[in-house]
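We count residues from 1, following the sequence as given.
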Amino acid sequence: MFGEVLQKLRKSCGMNQVELGRRLGVTKQAVSNWENNNILPSVDLLIRIAGLFSVSTDYLLEIDKSHYIEIEGLSVEEIAHVQQIISDIRKYKQKNVC
């Protein structure tokens, strides 16, 4: 659910509810209500949340489980390095599956 996704993203960035609220211009209570699935944010805030965490709105709403990495400003060589790291991680995970 949206609240669980938001909470995981927030915690992965080391933010508390107050900090997230401050960045979005809402109260801690609003963030708490979202994370407890009491209410959903407005469309405008959903878009801002997606931008803040560099994920799609579909990801936030669990329509799309994909993750995206922002590569704007990287050179072709740097993008190739990022792709190689991802490939190496996938290979490692395949070898270490229980």
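Under the 4.5 Å side-chain heavy-atom criterion for ILVMFWY residues, no single connected hydrophobic cluster contains both L61 and V43. When hydrophobic clusters are built by joining Ile, Leu, Val, Met, Phe, Trp and Tyr residues whose side-chain heavy atoms come closer than 4.5 Å, directly or via intermediates, M1 is not grouped with W34. Linking Ile, Leu, Val, Met, Phe, Trp and Tyr whenever their side-chain heavy atoms come within less than 4.5 Å leaves I85 and I79 in two separate clusters. Transitive grouping of hydrophobic side chains (ILVMFWY, heavy atoms separated by less than 4.5 Å) keeps L52 and I47 in distinct clusters.
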Please tabulate, for side-chain N and O atoms in residues 16-31, each donor-acceptor pair with protein atoms closer than 3.5 Å (sequence neighbours left out).
from : atom 1 : to  : atom 2 : distance (Å)
N16  : OD1    : V18 : N      : 3.0
N16  : OD1    : E19 : N      : 2.7
Q17  : OE1    : K28 : NZ     : 3.2
Q17  : NE2    : E35 : OE1    : 2.8
E19  : OE1    : R22 : NE     : 3.3
E19  : OE1    : R22 : NH2    : 3.3
E19  : OE2    : R22 : NH2    : 2.8
E19  : OE2    : R23 : NE     : 2.8
T27  : OG1    : Q29 : N      : 3.4
T27  : OG1    : A30 : N      : 3.0

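To the nearest 0.5 Å, atom OG of residue S32 and atom CD of residue Q7 are 9.0 Å apart. Put simply, CD1 on I49 and OG on S42 are 8.0 Å apart, with the number rounded to the nearest 0.5 Å. To the nearest 0.5 Å, atoms CD (E4) and CG (N36) are separated by 10.0 Å.
Annotation: side chain of L60 is in contact with side chain of L9 (closest heavy-atom distance under 4.5 Å).
Scanning both residues, F2 and L46, for their nearest heavy atoms gives CE1-CD1, 3.6 Å. For S56 against A50, the heavy-atom pair with the smallest separation is C-CB, 4.0 Å. Of all heavy-atom pairs spanning N37 and G3, the tightest one is OD1-N, 2.9 Å. The shortest heavy-atom contact between V5 and Y59 is CG1-CE2, 3.8 Å.
Atom CD1 of I71 has 12 or fewer heavy atoms from other residues, nucleotides or ligands within 6.0 Å.
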Given the rule in the side-chain contact (heavy atoms from CB on, under 4.5 Å) test, do F53 and M15 qualify, once you have shown the distances and angles that lead to the verdict? CA-CA 11 Å; F53 292 112; M15 276 190 266; 3.5 Å; yes
